[in-house]
Asks: 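Here it is, the structure, as structure tokens.
Scope of the values below: all heavy atoms of this structure, side chains included, with no hydrogens, waters or symmetry mates.
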Amino acid sequence: MKSIASIRSDFPLLANSVNGKPLVYLDTAATAQKPEAVIRTVDSLHRTMNANIHRGIHYMAEETTARYEQARERVRSLLNAASTREIVFTSGATHSINLVAASFAEQYIQAGDNVVITEMEHHSNLVPWQLAVQRKGAELRVLPFGDAGDLQLDRLPGLLDQRTRIVAVTQASNVLGTLPDLQHIIAVAHAHDIPVLVDGCQGIVHHRTDVQALDCDFYAFSGHKLYGPTGIGVLYGKEKWLDALPPYMGGGDMVGTVRLPAGTTYAELPLKFEAGTSNYIGAIGLGAAIDYLEELGFDDIRQHEQTLLDRLTDRLQRTIDGLRIYGTTDGKGPLVSFTVDGTHPADIGMIVDKLGIAMRTGTHCAEPVMTHYGLTAMCRLSIGLYNTESEIDTAVAAVERAVNMLR
């Protein structure tokens, strides 16, 4: 991997100051900063190659279409999907999961059926399923986790029966860092002929993901967490499922022929699920982000982040009395969520912000996780490929100072 100094120079925002202090950005789990390669790509497209895709026959339209489809192939290769027909561009993981929840429920869920999720899901992989089962008169079943953040996998078989239609599970918890044993979950579900959707937002950033080896039926992620642009996401679906599901939205580009008053046919995959003008600039920018990450090397990135995670965990625990970390499973993702006795996370967050530290506080869009621990909020420091050991030390010192002030 390139030197950390060279990597940091690729991210112009990291040179900023906040409240007169050098910025220490430790909120990458919320959104990653963008490298110059992505910024230049998006800027260049707006300046030189902006034309709607799949519609025009003029040069710019054809060139932009070609680059959009090249980005689709780039995503297919990243995921090792069997075909670009299995790669749908969306506005983000939330859109991707809502697409599956709505279309799958329309086709396969009836009153009396059930859907299984986990207690540690982000709201984006929870609320869409609540809406689906409410609409259909079905049941939402929840696989709990233990206090260390470990999913209680021994309870999974008891949640599955002949009326279970789908299982939805995160690849990595955005609060606890837990990496569920997806291959075990998928194998148990498939033994009952139950498909599995994986929310890959926090997983794909730190772990090379092979959807064929994983054998998941659906996989969703957002570009902005993968160092790409905002407003672009991906839904992978096995071709057999995407073929069977009805369209989620109607409009241009997702049709074959349109006849009045009825008789409309739909486009071939994946365009059946890409109604309207897609975020083609975002998709091409995402392709540039993937190229950047592949050049650095996912294994090297993971090793660097693990080193920083170990340092952050150790120094927080040794430095600050009364600090509790939530999520302590082996191999967890590079983030630490914590509370400190006698303080409120929001107060800590406001003080460390004055010291230049970008740290997330609140429910992290995973309120059931807070409820599990009897909390209303946590602090979270999340690591990206551009962070340094000195930034870790600066952040820990800032948290210590905030705690001392509040006490």
Side-chain angles (χ1 to χ4, degrees), residues 1-44 46 174 177 201-202 204-206 221-232 282 285-313 315-316 333-337 348-361 364 379-402:
M1 194 166 82
K2 293 163 57 175
S3 71
I4 189 64
S6 177
I7 289 172
R8 287 181 64 82
S9 70
D10 291 336
F11 292 82
L13 185 140
L14 298 181
N16 287 354
S17 296
V18 174
N19 295 316
K21 304 288 186 181
L23 170 65
V24 176
Y25 187 77
L26 286 165
D27 196 22
T28 294
T31 194
Q33 298 306 327
K34 320 306 173 194
E36 281 281 6
V38 171
I39 296 169
R40 285 196 304 268
T41 295
V42 171
D43 180 68
S44 174
H46 280 297
N174 72 308
C201 278
Q202 300 293 335
I204 194 170
V205 185
H206 310 292
F221 72 90
S222 292
H224 72 99
K225 296 184 191 294
L226 198 64
Y227 303 92
T230 56
I232 188 67
L286 175 58
I290 294 171
D291 287 341
Y292 179 81
L293 295 171
E294 292 279 16
E295 182 180 346
L296 292 182
F298 277 91
D299 291 340
D300 288 339
I301 292 170
R302 175 62 179 159
Q303 182 177 353
H304 171 68
E305 291 172 337
Q306 183 63 50
T307 298
L308 296 184
L309 174 62
D310 292 343
R311 187 183 189 93
L312 176 59
T313 304
R315 299 211 168 195
L316 282 172
L335 59 83
V336 177
S337 295
I348 296 176
M350 285 188 288
I351 293 173
V352 300
D353 174 61
K354 300 301 182 185
L355 301 174
I357 313 300
M359 179 182 75
R360 179 78 177 270
T361 64
H364 312 295
C379 300
R380 185 187 68 190
L381 294 165
S382 54
I383 294 165
L385 61 87
Y386 34 56
N387 290 124
T388 67
E389 291 186 354
S390 64
E391 286 186 316
I392 296 300
D393 296 345
T394 299
V396 172
V399 173
E400 181 184 23
R401 181 174 174 183

Asks: Using side chain to side chain contact (heavy atoms under 4.5 Å, CB included), reason through I7 and Y292 one step at a time and then give a plain yes or no.
Replies: CA-CA 10 Å; I7 289 172; Y292 179 81; 3.8 Å; yes
Asks: When you measure from the side chain of Q202 to the backbone of A29, do you find a donor-acceptor pair of N or O atoms at a distance under 3.5 Å?
Replies: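 Pair found, side chain donor or acceptor close to backbone of A29.
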Asks: Considering all heavy atoms of both residues, which atom of C201 and which atom of K225 are nearest to each other, and what is their separation?
Replies: CB-CD, 3.9 Å
Asks: For a salt bridge (Lys or Arg N to Asp or Glu O under 4.0 Å) check, start with the C-alpha distance between D393 and R311, then their side-chain angles and the critical distance, and finish with the verdict.
Replies: CA-CA 8 Å; D393 296 345; R311 187 183 189 93; 2.8 Å; yes
Asks: Counting N and O atoms only, with roles assigned by atom type, does the side chain of K21 sit under 3.5 Å from a partner on the main chain of D353, one being a donor and the other an acceptor?
Replies: no
Asks: So, K34 side chain and G228 main chain: donor-acceptor pair closer than 3.5 Å or not?
Replies: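 Yes; at least one donor-acceptor contact below 3.5 Å.
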Asks: Measure across P229 and G282 and return the closest heavy-atom pair with its distance rounded to 0.1 Å.
Replies: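 Where P229 meets G282 most closely, the heavy atoms are CG-O, 3.7 Å.
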Asks: State, without any angle test, whether D310 and Q306 hold a side-chain donor-acceptor pair at a distance under 3.5 Å.
Replies: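 Judged by distance alone, the side chains do pair up.
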Asks: Rounded to the nearest 0.5 Å, what separates atom CD1 in I392 from atom CG in L381?
Replies: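 Between I392 CD1 and L381 CG, I get 7.5 Å after rounding to 0.5 Å.
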Asks: Take I383 and L335 through the test side chain to side chain contact (heavy atoms under 4.5 Å, CB included) and record every step on the way to the result.
Replies: CA-CA 6 Å; I383 294 165; L335 59 83; over 6 Å; no
Asks: When rounded to the nearest 0.5 angstrom, what is the spacing between CG in L308 and CD in Q303?
Replies: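 So the gap between those two atoms works out to 11.0 Å.
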Asks: If I take atom CZ from residue R401 and atom CD1 from residue I357, how far apart are they, to the nearest 0.5 angstrom?
Replies: 11.0 Å
Asks: Output the distance between atom CD (E400) and atom CZ (R315), rounded to the nearest 0.5 Å.
Replies: 11.5 Å
Asks: Taking side chain as C-beta onward, heavy atoms only, is M350 less than 4.5 Å from T361?
Replies: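 Side-chain contact under 4.5 Å: no.
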Asks: Taking the side chain from R380 and the backbone from N174, do they hold a donor-acceptor pair closer than 3.5 Å?
Replies: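 Yes.
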Asks: Please indicate whether E294 has more than 12 foreign heavy atoms, meaning atoms of other residues, nucleotides or ligands, lying under 6.0 Å from its CD.
Replies: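 Atom CD in E294 is packed in, count exceeds 12.
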Asks: Could you walk me through whether T28 and Y386 pass the side chain to side chain contact (heavy atoms under 4.5 Å, CB included) check?
Replies: CA-CA 10 Å; T28 294; Y386 34 56; 2.7 Å; yes
Asks: Specify the closest pair of heavy atoms between I301 and L385, including all atoms of both residues, with the distance to one decimal.
Replies: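 That would be CG2-CB, 3.9 Å.
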Asks: Could you tell me whether the side chain of L23 reaches within less than 4.5 Å of the side chain of L13, counting heavy atoms only?
Replies: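 The answer is yes, as the side chains (C-beta and beyond) meet within the 4.5 Å cut-off.
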Asks: Please report the interatomic distance OG1(T388) to NE2(H304), rounded to the nearest 0.5 Å.
Replies: 7.5 Å
Asks: Between T41 and A288, which heavy-atom pair has the shortest distance, and what is it?
Replies: OG1-CB, 3.5 Å
Asks: Give me the atom names and distance for the closest heavy-atom approach of G349 to M359.
Replies: CA-CE, 3.8 Å
Asks: For Y25, does its backbone N or O pair with a side-chain atom of N387 as donor and acceptor, under 3.5 Å?
Replies: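 Yes; at least one donor-acceptor contact below 3.5 Å.
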Asks: Less than 4.5 Å apart, any side-chain heavy atom of V396 and any of L312?
Replies: yes
Asks: Can T307 and E389 be said to form a side chain to side chain contact (heavy atoms under 4.5 Å, CB included), step by step?
Replies: CA-CA 9 Å; T307 298; E389 291 186 354; 4.0 Å; yes
Asks: Working to the nearest 0.5 Å, report the span between OG1 of T31 and CZ of R360.
Replies: 10.5 Å
Asks: Can you name the nearest heavy-atom pair linking L309 to P334, along with the distance?
Replies: CD2-CA, 3.9 Å
